[in-house]
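Notes follow once the structure below has been shown.
The structure presented is a predicted model; accordingly, all values stated were derived computationally and were not measured. Order of appearance sets the numbers: ligands from 1, and atoms from 1 within every ligand. For the single chain, residues carry numbers from 1 onward in sequence order.
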Amino acid sequence: MNAPLHEQFLTLQEIVAAARRNLPPGPWSYLVGGAETETTVRRNRQALDAIAFRPRVLRDVSRVDASAPFLGRRMRLPVMLAPIGGLESIVEGGAAAAARGAAQFGVPQMLSSVCQPGLEATAAAAEATRVFQLYVRGDDAWVDDHVRRALDHGYCAFCLTVDVAMYSRRERDLVGRFVKPWRATAPAGSTYQSGLSWDQVKRFKDKHAIPLILKGIATAEDAELAVQHGVEVVYVSNHGGRQLDHGLGSAAVLPEVVAAIGGRAEIWVDGGFMRGTDIVKAIALGASTVGLGRLPCLGLGAAGVPGLVRTLEILENEVQTCLGLLGVTSIAELTPRHLTSAPPVFEPSVFSALPLLGD
Ligand SMILES: Cc1cc2nc3c(=O)[nH]c(=O)nc-3n(C[C@H](O)[C@H](O)[C@H](O)COP(=O)(O)O)c2cc1C
């Protein structure tokens, strides 16, 4: 009989190693890969590794609280499961499994519109705090229908992903001939996504009261436009390095967006976040929530829903340890003064935060 998960997995490295053993080559490459040369994937890690801490000491950290606000609620950590298309290729139950893990641990889930079992069944699977993310593959009425269904099923916010005007060249998938059933409808609908402009954001805000998130903002200029259009959340992301190659790492983009927004909207971020220390860095820079893409999928791939919960438990322990060692007792106390810059130590790669894996 296998040992309980909290004994099998003491570290995130062991979880990722188990996922690698379990997942077939196609889904594994789909999950870890990026676009073209995967420079953006690597820069996500490089940007995080180029930030060092300035710890304060002798500050009574006998009680540390890692919980965080999320759209007016309280979550156990300042993280969210980022939207993942085709999760059903990685874990049985797909998004429903992710919803169960998110609810059990106490963090929000953002559901991708290209993930099974879909908006309604995922909502029915668990009482997670949920947000719906849409790839626009239809006209305004089609979008409005998704908003109505999201509201009817308890989604508390709506996200448009805006860094997918073109579907990128994912060379690991191309070389492996990995067929994605959830992309089968793309040719029919993809012109809607490439045709999007700020006019559609204006139309959305004029018509719908649900909080709107724009995912895939990567410049101060677009952050400013988002705020001018009344967008509630600016989500700094490069899609985990899976869309535009040769972009900056998300942690390197964050400061200009924080400065441009000046507190007028919430800022979320994702891209390469694999460790508690990474999350603490983003919060200290001014983000309120960190999206996790590959990491929760690796937890699911390692051991299903319990594997995801175990991943989040280890992450929580890492965040609490980091907060205490920085001399703060809550994430609200973090400021840019806790950070400085330093040359990265590791050659960046998708798994460079897990050096025992021996990539
Ligand atoms: C397998 C996979 C599928 C994804 N599918 C979507 C999607 O359907 N919609 C979306 O907005 N982003 C999607 N993303 C991007 C993630 O939401 C997130 O931005 C990215 O994974 C964050 O980087 P990280 O994986 O380094 O944490 C996907 C990412 C991965 C790894």
Check: Gly293 to ligand 1: N or O pair under 3.5 Å?
Finding: yes
Note to self: Can you confirm, on distance only, whether ligand 1 has an N/O atom lying under 3.5 Å from any N/O atom belonging to Ile90?
What the structure shows: no
Margin query: Quick check on Arg169: does its CZ atom have over 12 non-hydrogen neighbours (other residues, nucleotides or ligands) under 6.0 Å away?
Written below: no
Next item on the list: Using a strict cut-off of 4.0 Å, indicate which atoms of ligand 1 neighbour a heavy atom of Ser237.
Entry: 19 (O)
Check: In terms of side-chain geometry, is the basic nitrogen of Lys215 or Asp163 positioned less than 4.0 Å from the acidic oxygen of its partner?
Finding: no
Notebook entry, point to check: Which residue and non-hydrogen atom of the protein lie closest to atom 19 (O) of ligand 1, and at what distance in Å?
Noted result: Asp270 OD2, 2.6 Å
Check: Counting heavy atoms only, which part of Gln133 comes closer than 4.0 Å to ligand 1: side chain, backbone, both or neither?
Finding: side chain
Check: Taking side chain as C-beta onward, heavy atoms only, is Lys202 less than 4.5 Å from Asp199?
Finding: no
Next item on the list: Mark up the atoms of ligand 1 that fall under 4.0 Å of a heavy atom belonging to Gly272, in ascending order.
Entry: 23 (O), 24 (P), 26 (O), 27 (O)
Notebook entry, point to check: Less than 3.5 Å between some nitrogen or oxygen of Thr161 and one of ligand 1, yes or no?
Noted result: yes
Notebook entry, point to check: Within the distance-only criterion (no hydrogens, no angle test), does the side chain of Arg242 pair as donor or acceptor with the backbone N or O of Leu31 below 3.5 angstrom?
Noted result: yes
Check: If you measure every N/O of Arg242 against every N/O of ligand 1, is any gap under 3.5 Å?
Finding: no
Note to self: Need the ligand 1 atom indices (1-based, order shown) with element for anything under 4.0 Å from a heavy-atom of Gly85.
What the structure shows: 3 (C), 4 (C), 5 (N), 6 (C), 7 (C), 8 (O)
Next item on the list: Look only at the side chain of Arg76 and the backbone of Phe105, and say whether a donor-acceptor pair between them is shorter than 3.5 Å.
Entry: yes
Next item on the list: Please examine the side chains of Arg148 and His153, heavy atoms only from C-beta on, and report whether any two atoms are closer than 4.5 Å.
Entry: no
Item checked: No-hydrogen, no-angle side-chain donor-acceptor test under 3.5 Å, Asp65 and Ser330 -> no
Next item on the list: Distance to 0.1 Å, residue and atom name: give those for the protein heavy atom nearest to atom 7 (C) of ligand 1.
Entry: Tyr135 OH, 3.0 Å
Next item on the list: For atom 23 (O) of ligand 1, grab the closest protein heavy atom and report residue, atom and distance to one decimal in Å.
Entry: Gly240 CA, 3.3 Å
Check: Which residue supplies the protein heavy atom nearest to atom 17 (O) of ligand 1, what is that atom called, and how far is it?
Finding: Pro83 O, 2.7 Å
Next item on the list: Identify the heavy atoms of Asn22 and Ala302 that sit nearest to each other, and give their distance.
Entry: ND2-O, 2.9 Å
Item checked: Protein residue, atom and distance nearest to atom 24 (P) of ligand 1, heavy-atom basis -> Arg294 NH1, 3.5 Å
Check: Which protein non-hydrogen atom lies closest to atom 8 (O) of ligand 1, naming both residue and atom, and how far is it?
Finding: Ser112 OG, 2.7 Å
Check: Atoms of ligand 1 less than 4.0 Å from Val114 heavy atoms?
Finding: 8 (O)
Notebook entry, point to check: Aromatic rings Tyr155 and Phe132: how do their planes relate, parallel, tilted or perpendicular, breaks at 30° and 60°?
Noted result: perpendicular
Note to self: Starting from atom 3 (C) of ligand 1, what is the nearest protein heavy atom, named by residue and atom, and what distance separates them?
What the structure shows: Tyr30 OH, 3.3 Å
Next item on the list: Compute the centroid of each ring, for Trp268 and then for Phe70, and state whether the two points are separated by less than 6.0 Å.
Entry: yes
Notebook entry, point to check: Got the closest protein heavy atom to atom 15 (C) of ligand 1, with its distance?
Noted result: His239 CD2, 3.4 Å
Check: Has ligand 1 got any nitrogen or oxygen that is less than 3.5 angstrom from a nitrogen or oxygen of Lys215?
Finding: yes
Notebook entry, point to check: Would you say the ring centroid of Tyr135 lies under 6.0 angstrom from that of Tyr192?
Noted result: no
